[in-house]
Amino acid sequence: MSFLSDFWSQLWRGMLDNKGKFTATGGFLLGIVVTLGMKDLYPDLELSFQQRMRRFRGLEKPRRSSGQPDFVRLEDHTTGQQRSTHLHDQRDSRLLRRTDEGEIPIGIEGLIGNTPLIKLKALSDATGCEIYAKAEFLNGAGNSPKDRVALSMINNAEEEGILKPGRGDAIYEGTVGSTGISLAAVCRARGYTAYICMPDDQAKEKSDLLLKLGATVERVRPASIVDQSQFVNMARRRAKEHTDDPNKPGRGFFADQFENTANYLAHKETTGPEIYAQMDGQLDVFVAGAGTGGTISGVALALKPLLPELKVVLADPQGSGLYNKIKFGVMFSPTEAEGTRRRHQVDSLVEGVGINRLTANMEAGLHLVDDAVKITDEQAMKMARWLVENEGLFVGASSAVNCVAAATMAKHMPKGTRIVTVLCDSGTRHLSKFWKEAGDVGGQEAEFGLEEIVG
């Protein structure tokens with residue numbers, strides 16, 4: 001001890017000049033000592049900081065309260081430079097591995113969430129507002145925002161003990177395509193099979209893709225929700241038949257994306273916070289369509305408490321009744337009149353958004369939706385072509401609807417307004433229907449201006 005005491009005493013005196021101030025050499029030596037002393041403490045400080053940030057962003061799993069029986073959590077996929085270690089959270093360790101080079105996703109589940117936010121340059125220049133889009137088509141399982149929903153519903157069912165991997169359980173869902181594709185992919189990764197019921201008037205490439213993913217596909221005639229042969233009701237019945245059949249292994253689980261609140265909670269806990277962080281909290285308008293209502297409700301519930309002045313706007317295709325619900329408080333579409341409907345759900349070429357009933361997910365955030373924009377098929381098709389011609393983006397019908405609504409809002413907002421919308425999926429899923437009607441994009445120059453789309 002005497003030797004160490006003398007050593008530190010001599011070192012300290014060598015770092016000071018005659019006036020008691022640090023010499024250049026002394027300052028250098030002090031830096032080395034402090035660095036050596038902190039090197040073992042730093043990882044713990046970093047981990048503590050990361051945990052605080054996760055709590056701030058609402059991504060730590062809180063205890064359930066009696067009023068929140070339907071709580072579900074989706075993983076945080078925020079990237080960063082961390083030391084090599086597994087995440088401490090059990091589910092996160094299944095999705096990400098930390099290395100000196102960053103975080104490496106584990107499996108397709110690790111590719112869900114934390115999608116880029118891009119500025120639509122041509123659309124922004126044409127409108128005078130800053131229009132941004134959450135690139136949800138870059139989710140890595142089913143390539144749509146439904147990846148978040150599929151993972152959330154499965155996680156929730158596993159936490160509740162309803163689903164168990166390897167037992168022979170199957171997941172049943174009624175969908176127009178995207179949710180089924182996301183479920184089929186995540187099911188395979190988790191050890192389940194998928195059984196998808198969908199209307200037979202949807203784009204054929206969706207059912208083809210489901211089959212390639214190993215799902216069972218049952219295409220049924222479009223029908224009203226009150227009809228037991230309607231695709232959602234059919235999926236519910238097939239799940240019960242599975243569970244009741246003693247000759248089938250496991251059980252059937254009806255995912256029920258329209259009423260399962262794990263849907264909107266996935267967006268409240270991940271999509272909304274991601275947008276807030278990517279925009280540094282600086283946005284004025286959020287625009288989104290609604291099929292189940294999970295995206296618009298979840299994002300609104302996440303952002304409105306942080307940005308009370310934020311304007312949340314519904315983008316609604318023709319034939320849907322949600323526009324009138326927001327504008328006039330009554331769920332009604334003119335195409336509901338006797339003899340005027342071409343099909344049984346929503347009278348539109350657009351698939352994935354638009355509905356004529358209120359779901360539990362839509363009701364969760366309905367009070368936060370401030371306005372709505374009605375979009376025609378013609379507007380959606382022109383916007384889809386315009387985005388290819390001017391942005392190089394090849395998107396599906398619902399993304400085109402969102403962009404028409406964003407441009408329409410920009411027309412009525414002050415210059416420089418910051419508007420965020422969602423790019424849901426690629427146009428490759430809409431080739432045989434929406435894009436068949438929209439036609440090929442020809443020539444080197446845009447065929448029409450934005451004013452022809454939004455008026």
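What you see below is based on every heavy atom in this structure, not just the backbone, and it leaves out hydrogens, waters and symmetry mates.
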Asker: Salt bridge check: are R190 and E158 linked by an N-O gap of less than 4.0 Å?
Answerer: yes
Asker: For R418, is there an ion pair with D284 - N to carboxylate O distance below 4.0 angstrom?
Answerer: no
Asker: Assess whether a salt bridge exists between D371 and K327, defined as any Lys/Arg side-chain N lying under 4.0 Å from an Asp/Glu carboxylate O.
Answerer: yes
Asker: Report yes if the side chains of I171 and I154 come closer than 4.5 Å at any heavy-atom pair, otherwise no.
Answerer: yes
Asker: Do N263 and H267 have side-chain heavy atoms sitting under 4.5 Å apart?
Answerer: yes
Asker: Kindly compute the distance separating CE (M153) from CG (D256), expressed to the nearest 0.5 Å.
Answerer: 8.5 Å
Asker: Which pair of heavy atoms, one from A215 and one from I196, lies closest together, and at what distance?
Answerer: CB-CG1, 4.3 Å
Asker: Strictly distance-based, threshold 3.5 Å: is any side-chain N or O of Q379 a donor or acceptor partner for the main-chain N or O of V454?
Answerer: no
Asker: Flag the pair F286 / I419 as yes when at least one side-chain heavy-atom distance between them is below 4.5 Å, and no otherwise.
Answerer: no
Asker: Would you find a donor on one side and an acceptor on the other, under 3.5 Å apart, between the side chain of E391 and the backbone of L123?
Answerer: yes
Asker: In plain terms, say whether D370 and K304 are close enough for a salt bridge, that is, a side-chain N and a carboxylate O under 4.0 Å apart.
Answerer: yes
Asker: Once rounded to the nearest 0.5 Å, what's the spacing between atom NZ of K268 and atom OG of S297?
Answerer: 11.0 Å
Asker: So which heavy atom on I355 is nearest to which on T359, and how close?
Answerer: CD1-CG2, 3.9 Å
Asker: Dump the intermediate steps for side-chain contact (heavy atoms from CB on, under 4.5 Å) on L151 and E109, then the final yes or no.
Answerer: CA-CA 7 Å; L151 184 59; E109 300 147 297; 4.2 Å; yes
Asker: Could you walk me through whether L358 and L322 pass the side-chain contact (heavy atoms from CB on, under 4.5 Å) check?
Answerer: CA-CA 8 Å; L358 276 182; L322 290 175; 4.1 Å; yes
Asker: What's the shortest heavy-atom distance between V353 and P317, and which atoms?
Answerer: O-CG, 3.5 Å
Asker: Is the shortest side-chain heavy-atom distance between M362 and T292 below 4.5 Å?
Answerer: no
Asker: Side chain of T421, backbone of A406: donor and acceptor closer than 3.5 Å?
Answerer: no
Asker: Can you check side-chain contact (heavy atoms from CB on, under 4.5 Å) on V186 and I112, steps first, answer last?
Answerer: CA-CA 10 Å; V186 179; I112 297 174; 4.1 Å; yes
Asker: Which heavy-atom pair separates C403 from L120 by the least distance, and what is that distance?
Answerer: SG-CD1, 4.1 Å
Asker: Rounded at 0.5 Å granularity, tell me how far CG in L213 sits from SG in C187.
Answerer: 10.5 Å
Asker: For a quick check under 3.5 Å, do H242 and D169 share a side-chain donor-acceptor pair by atom type?
Answerer: no
Asker: Any side-chain heavy atom of I181 sitting closer than 4.5 Å to one from R429?
Answerer: yes
Asker: According to the side-chain hydrogen bond (donor to acceptor under 3.5 Å, both in side chains) rule, which pairs have a member within residues 209-218, sequence neighbours left out?
Answerer: Y195-E218, E218-R238
Asker: From the options V299, L117, V285, select the one residue that forms a side chain to side chain contact (heavy atoms under 4.5 Å, CB included) with V420.
Answerer: L117
Asker: Are V176 and F231 side-chain neighbours, meaning at least one heavy-atom pair lies under 4.5 Å?
Answerer: yes
Asker: Measuring only between side-chain heavy atoms, which start at C-beta, is L423 closer than 4.5 Å to L393?
Answerer: yes
Asker: Below 4.5 Å, heavy atoms only, C-beta onward: do N361 and F258 meet side chain to side chain?
Answerer: no
Asker: Do NZ/NE/NH1/NH2 and the carboxylate oxygens of R357 and E259 come within less than 4.0 Å?
Answerer: yes
Asker: Mind running side-chain contact (heavy atoms from CB on, under 4.5 Å) on N402 and C424 for me, showing each step along the way?
Answerer: CA-CA 9 Å; N402 286 345; C424 305; 3.8 Å; yes
Asker: Would you tabulate the side-chain donor-acceptor contacts of residues 137-144 under 3.5 Å, counting partners in other chains and residues two or more places apart, or write 'none'?
Answerer:
{"from": "N139", "atom 1": "OD1", "to": "G113", "atom 2": "N", "distance (Å)": "2.7"}
{"from": "N139", "atom 1": "ND2", "to": "E136", "atom 2": "O", "distance (Å)": "3.1"}
{"from": "N139", "atom 1": "ND2", "to": "E136", "atom 2": "OE1", "distance (Å)": "3.2"}
{"from": "N139", "atom 1": "ND2", "to": "S144", "atom 2": "O", "distance (Å)": "3.2"}
{"from": "N143", "atom 1": "ND2", "to": "N139", "atom 2": "O", "distance (Å)": "2.9"}
{"from": "S144", "atom 1": "OG", "to": "K146", "atom 2": "N", "distance (Å)": "3.1"}

Asker: Within the distance-only criterion (no hydrogens, no angle test), does the side chain of E173 pair as donor or acceptor with the backbone N or O of T179 below 3.5 angstrom?
Answerer: no
Asker: Indicate yes or no for a side-chain donor-acceptor contact from E378 to the backbone of I453 under 3.5 Å, with no hydrogens or angles considered.
Answerer: no
Asker: Return the minimal non-hydrogen interatomic distance between A262 and S152, and the atom names on each side.
Answerer: O-OG, 2.8 Å
Asker: Could you tell me whether a side-chain N or O of T243 sits under 3.5 Å from a main-chain N or O of A239, the two making a donor and an acceptor?
Answerer: yes
Asker: Tell me whether K206 is salt-bridged to E351, with the criterion being a basic N under 4.0 Å from an acidic carboxylate O.
Answerer: yes
Asker: So does C129 get a backbone contact from the side chain of T417, meaning a donor-acceptor N/O pair under 3.5 Å?
Answerer: no
Asker: Got a second to check how far Q282's CD is from Y132's OH, nearest 0.5 Å?
Answerer: 10.0 Å
Asker: Checking salt bridge (charged side-chain N to carboxylate O under 4.0 Å, His left out) against D200, which of K433, R221, R219 comes through?
Answerer: R221
Asker: Does D227 reach the main-chain N or O of A223 with its side chain, forming a donor-acceptor pair under 3.5 Å?
Answerer: no
Asker: Should the ring pair F394 and W435 be called parallel, tilted or perpendicular, given that the plane angle runs from 0 to 90° and is split at 30 and 60?
Answerer: tilted
Asker: Using the salt bridge (Lys or Arg N to Asp or Glu O under 4.0 Å) criterion, which residues pair with K411? Sequence neighbours excluded.
Answerer: none
Asker: Just verifying a value: how many Å separate Q318 CD and L349 CG, rounded to the nearest 0.5 Å?
Answerer: 7.5 Å
Asker: Is it the case that over 12 heavy atoms from other parts of the model lie below 6.0 angstrom from the NZ atom of K204?
Answerer: no
Asker: Does S320 use its side chain to pair, donor to acceptor, with the backbone of D316 at less than 3.5 Å?
Answerer: no
Asker: Indicate whether any N or O donor in one side chain lies under 3.5 Å from an N or O acceptor in the other, for Y276 and E274.
Answerer: no
Asker: Would you kindly say whether R148 and T271 are connected by a side-chain donor-acceptor distance under 3.5 Å?
Answerer: yes
Asker: With no hydrogens and no angle check, just 3.5 Å: does a side-chain donor-acceptor pair link E130 and S124?
Answerer: no
Asker: Please round to the nearest 0.5 Å and tell me the distance separating atom NZ of K248 and atom CG of D244.
Answerer: 10.5 Å
Asker: Indicate the atoms forming the closest heavy-atom contact of L314 with G289, along with that distance.
Answerer: CD1-C, 4.1 Å
Asker: Does either side chain, that of K134 or that of T115, offer a donor lying less than 3.5 Å from an acceptor on the other one?
Answerer: yes
